[in-house]
Amino acid sequence: DEFNSKYPDCSLEEPWRVGDGNCHGGEYNVNECGFDGGDCDDFNKKYPNCNVKDPGWVEDGFCHGAEYNVEECGFEGGDCDDFNS
């Protein structure tokens with residue numbers, strides 16, 4: 001099928017998520033899966049060293065903290081500015 005021919009080394013339980021317009025982290029945001037079929041390109045350019053499970057939490061208006069509230073993730077894209085001040 002088209003997915004396997006485009007991403008032969010990408011093995012996921014839910015391959016339909018690749019290229020769906022949402023950046024999924026973890027095993028989706030890797031070279032073998034085309035960085036989630038291109039869905040994570042903007043996120044990876046803006047936060048190249050931010051490796052989180054749910055990239056959609058960054059800049060969503062809510063401070064989730066923990067591994068999201070770090071410099072590599074822009075302190076959650078600014079979501080944690082009030083918390084950190």
Side-chain angles (χ1 to χ4, degrees):
D1 69 358
E2 183 180 340
F3 177 84
N4 289 324
S5 65
K6 197 169 187 179
Y7 308 109
D9 297 320
C10 179
S11 178
L12 300 166
E13 283 188 37
E14 299 174 335
W16 55 269
R17 293 177 135 203
V18 173
D20 69 353
N22 296 304
C23 175
H24 304 96
E27 61 191 0
Y28 292 86
N29 190 13
V30 296
N31 187 50
E32 293 82 7
C33 298
F35 301 101
D36 202 6
D39 292 341
C40 293
D41 288 349
D42 290 339
F43 178 83
N44 291 339
K45 285 177 191 167
K46 195 166 188 178
Y47 306 107
N49 297 312
C50 180
N51 299 308
V52 292
K53 183 177 179 183
D54 295 300
W57 286 9
V58 176
E59 295 185 25
D60 71 349
F62 182 79
C63 179
H64 301 275
E67 67 268 19
Y68 295 85
N69 187 16
V70 296
E71 186 175 357
E72 294 83 2
C73 299
F75 301 102
E76 211 167 321
D79 292 344
C80 295
D81 287 351
D82 289 340
F83 177 79
N84 293 333
S85 60

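Excluded from the calculations below are hydrogen atoms, water molecules and symmetry mates; all remaining heavy atoms, backbone and side chain alike, are included. Quick note: residue numbers are just sequence positions, from 1.
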Within a 6.0 Å radius of atom CD on Glu71, are there more than 12 heavy atoms belonging to other residues, nucleotides or ligands? no

Inter-residue atom distance Ser11.OG - Glu27.CD, 0.5 Å rounding: 8.0 Å

Which heavy atom in Val58 sits nearest to a heavy atom in Cys73, and how many Å separate them? CG1-O, 3.9 Å

Looking only at heavy atoms, what is the nearest atom pair of Cys80 and Asn69, with distance? CB-OD1, 3.3 Å

Holding to side chain to side chain contact (heavy atoms under 4.5 Å, CB included), I want the full list of residues that pass it with Glu59, two or more places apart in sequence or in another chain. Lys46, Tyr47

Transitively linked via ILVMFWY side-chain contacts under 4.5 Å: Tyr28 with Phe3? yes

Could you grab the distance from atom CG of Asn84 to atom SG of Cys63, nearest 0.5 Å is fine? 6.5 Å

I'd like to check the side chain to side chain contact (heavy atoms under 4.5 Å, CB included) partners of Asn51; sequence neighbours left out, ordered by chain and number. none

Asn22 side-chain N/O to Arg17 backbone N/O, donor-acceptor pair under 3.5 Å: no

Taking atom CZ of Phe75 and atom CG of Asp82, what is their separation to the nearest 0.5 Å? 14.0 Å

Between Val52 and Phe43, what is the shortest heavy-atom contact and its length? CG2-CZ, 4.3 Å

Applying the side-chain contact (heavy atoms from CB on, under 4.5 Å) criterion to His24, which one of Asp36, Val18, Asp54, Leu12 satisfies it? Asp36

State, to 0.1 Å, how close Pro55 and Gly25 come at their nearest heavy-atom pair, and which atoms those are. CD-N, 3.2 Å

Does Phe35 offer a backbone N or O that forms a donor-acceptor pair with the side chain of Asn29 under 3.5 Å? no

Over all atoms of both residues, closest heavy-atom pair of Glu76 and His64: OE2-CD2, 2.6 Å

